[in-house]
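Before any comments, here is the structure.
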Amino acid sequence: MSTAHQSVSGAIGLALQGGGAHGAFTWGVLDRLLEQDDLSFDGVSATSSGALNALAVAQGWMNGGREGARTCLDVLWQRIAGHPQAAAWIFGSRMPASQHGAQNLHRYFTNRQINPLATNPVSQIAEVMFDFDQLRTESPFPVHLAATRVRDGGLVIFGPERLGVDALLASTCLPQIFAPVTIDGEVYWDGGWAGNPVLEPLLGRGRSSTVLGVLVQPLDRRDIPRTPEKIATRIGELGFSNAFRRELRSLVMARDAIDVDEQGRHPGDLRIHLIEPGESLHDFHDKAVFTKAIGFLTALRDHGRLCAEQWLQHPAQHEVGRDSALFASNGS
């Protein structure tokens, strides 16, 4: 482990983006951060596969500290890779060549037709790995899971006291694959459309001054998609990132415009950092042919570890400011 890291220490808030199998990139980021003894988490906001990562870290930390958290993450992704029904969730439209005929079934059939038994690998894995009673009362940090309310597209946050398998299923519910999740009479889909990830639960009095967002796709993409597949991929990426972009932009503008908030705290003390993969992880997948799911997932993990190391070495280069590409659209 590198000993050069000096600039980032203490407690930080984590915002973990979701994106199916690309959450294995976040696995790698977290695996590297957990090696850093002077770095801790005072809250985690997570969506979809980010929610699985957040719960694995919390569960493992309760049972075995930092090393327990690393082990729990490893077990989680090994289980995902080995689950016989997880291929569609892992690869989406990029399923192995041997399953080519199943790639686009969701365009022509409902989730009930594709999955008549309503089996859900997320549910099956969660029931084995997570003790939600313990997580609600003993988690080492608050965990917040985001879901999308279907009737109006609203964002719903399931906070620490509402953690449960249903909340996790709501946050990870891709409607093309899984049946919608009903909680207290409301119907939910994957949180990606409403907040991916959500920063708001990590802000406010008593929170850390640094929030680290771990994204599974870059915010700024200069290449223009030309093929139908790449256009469809980009549309999906935009749909799963626009809410986050708006929240991030509004937060940075408010921070820079207001001198002191109502609690007498200077908003400028808030620092928002982003760890991004540097390229589309769909393109990352295309560079090599992975015949087994675990090969793809561990390659993403290793890439995540590398990007986390770069942040630890040069955190200021990852801070979001008014000079970032996020504000280039209107020249502000």
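This is a predicted model, so every value here is computed, not measured. Below, all heavy atoms of this structure are taken into account, side chains as well, without hydrogens, waters or symmetry copies.
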Between OG on residue Ser139 and CE on residue Met62, distance to nearest 0.5 Å
6.0 Å
Taking atom CH2 of Trp61 as the centre, does the number of heavy atoms from other residues, nucleotides or ligands within less than 6.0 Å exceed 12?
yes
Distance-only donor-acceptor hits, side chain of residues 155-170, under 3.5 Å, sequence neighbours excluded:
none

Can you measure from CZ (Arg271) to CD (Glu319) and round to the nearest 0.5 angstrom?
6.5 Å
Correct closest heavy-atom pair for Ala51 and Ser171 would be CB-OG, 3.9 Å
How close do Leu312 and Gln36 get, counting heavy atoms only, and between which atoms?
CD1-OE1, 3.6 Å
Evaluation steps, side chain to side chain contact (heavy atoms under 4.5 Å, CB included), between Leu212 and Trp311
CA-CA 10 Å; Leu212 174 63; Trp311 174 69; 3.9 Å; yes
Cys173 and Trp193 have their tightest heavy-atom pair at O-CZ3, 4.5 Å
Could you name each residue pair satisfying salt bridge (Lys or Arg N to Asp or Glu O under 4.0 Å) that touches residues 51-63, not counting sequence neighbours?
none
Option from Thr172, Asn196, Asp190 for which side chain to side chain donor-acceptor pair (under 3.5 Å) with Ser48 holds:
Asp190
Is there a chain of hydrophobic side chains (I, L, V, M, F, W, Y, each step under 4.5 Å between heavy atoms) that links Ile294 to Val216?
no
Show me the pairs that pass salt bridge (Lys or Arg N to Asp or Glu O under 4.0 Å) and involve residues 127-140, at least two apart or across chains.
Asp133-Arg136
Side chain to side chain, Leu215 and Phe25, heavy atoms closer than 4.5 Å
no
Can you find a side-chain donor-acceptor pair between His83 and Gln124 that sits under 3.5 Å?
yes
Got Thr47 and Gln17 here, is their nearest side-chain heavy-atom distance under 4.5 Å?
no
Quick check: do Leu76 and Leu52 have side-chain heavy atoms less than 4.5 Å from each other?
yes
Applying side-chain hydrogen bond (donor to acceptor under 3.5 Å, both in side chains), can you list everything that pairs with Arg66, at least two apart in sequence or on another chain?
none
Stepwise side chain to side chain contact (heavy atoms under 4.5 Å, CB included) check, Leu14 with Ile12
CA-CA 6 Å; Leu14 283 176; Ile12 64 172; 4.1 Å; yes
Measure across Ala146 and Gly195 and return the closest heavy-atom pair with its distance rounded to 0.1 Å.
CB-O, 3.9 Å
I'd like to know if Arg32 pairs up with Glu309 as an ion pair, taking the criterion as any Lys NZ or Arg NE/NH1/NH2 lying under 4.0 Å from an Asp or Glu carboxylate oxygen.
yes
Side-chain heavy atoms of Thr26 within contact of Ile275, under 4.5 Å
no
N/O donor-acceptor pair under 3.5 Å between Ser45 side chain and Leu199 backbone:
no
Give a yes or no on whether the backbone of Pro277 and the side-chain of His303 come within a donor-acceptor separation of less than 3.5 Å.
yes
Please round to the nearest 0.5 Å and tell me the distance separating atom CG of Leu202 and atom OG1 of Thr210.
11.5 Å
Are any non-hydrogen side-chain atoms of Val57 and Val143 less than 4.5 angstrom apart?
no
Flag the pair Met129 / Val75 as yes when at least one side-chain heavy-atom distance between them is below 4.5 Å, and no otherwise.
yes
Going by the rule side-chain hydrogen bond (donor to acceptor under 3.5 Å, both in side chains), which residues pair with Glu200 if we only count those two or more places apart in sequence or in a different chain?
none
Residues at least two apart in sequence or cross-chain that pass salt bridge (Lys or Arg N to Asp or Glu O under 4.0 Å) with Glu67, listed by chain then number, are Arg70
Quick test of your reading of the model: are Asp302 and Arg305 salt-bridged, counting only N-O distances below 4.0 Å?
no
Considering only heavy atoms from C-beta outward, does the side chain of Glu276 approach that of Cys307 to under 4.5 Å?
no
Side chains of Trp27 and Asp74: donor-acceptor distance under 3.5 Å anywhere?
no
Between Gln59 and Gln134, do the side chains contain an N or O donor and an N or O acceptor separated by less than 3.5 Å?
yes
Could you state the interatomic distance from CH2 (Trp77) to SG (Cys72), rounded to the nearest 0.5 Å?
12.5 Å
Would you name the heavy atoms of Ala21 and Phe296 that are closest together and state the gap between them?
CB-CE2, 4.0 Å
At their closest point, which heavy atom of Leu73 faces which heavy atom of Asp31, and how far apart are they?
CD1-N, 4.4 Å
With side chains defined as the heavy atoms from C-beta onward, is the minimum distance between Arg151 and Tyr188 less than 4.5 Å?
no
Taking Phe141 as the starting point, is it possible to reach Val198 by hopping between hydrophobic residues whose side chains are less than 4.5 Å apart?
no
At what distance, to the nearest 0.5 angstrom, does CD1 of Ile125 lie from CZ of Phe130?
8.5 Å
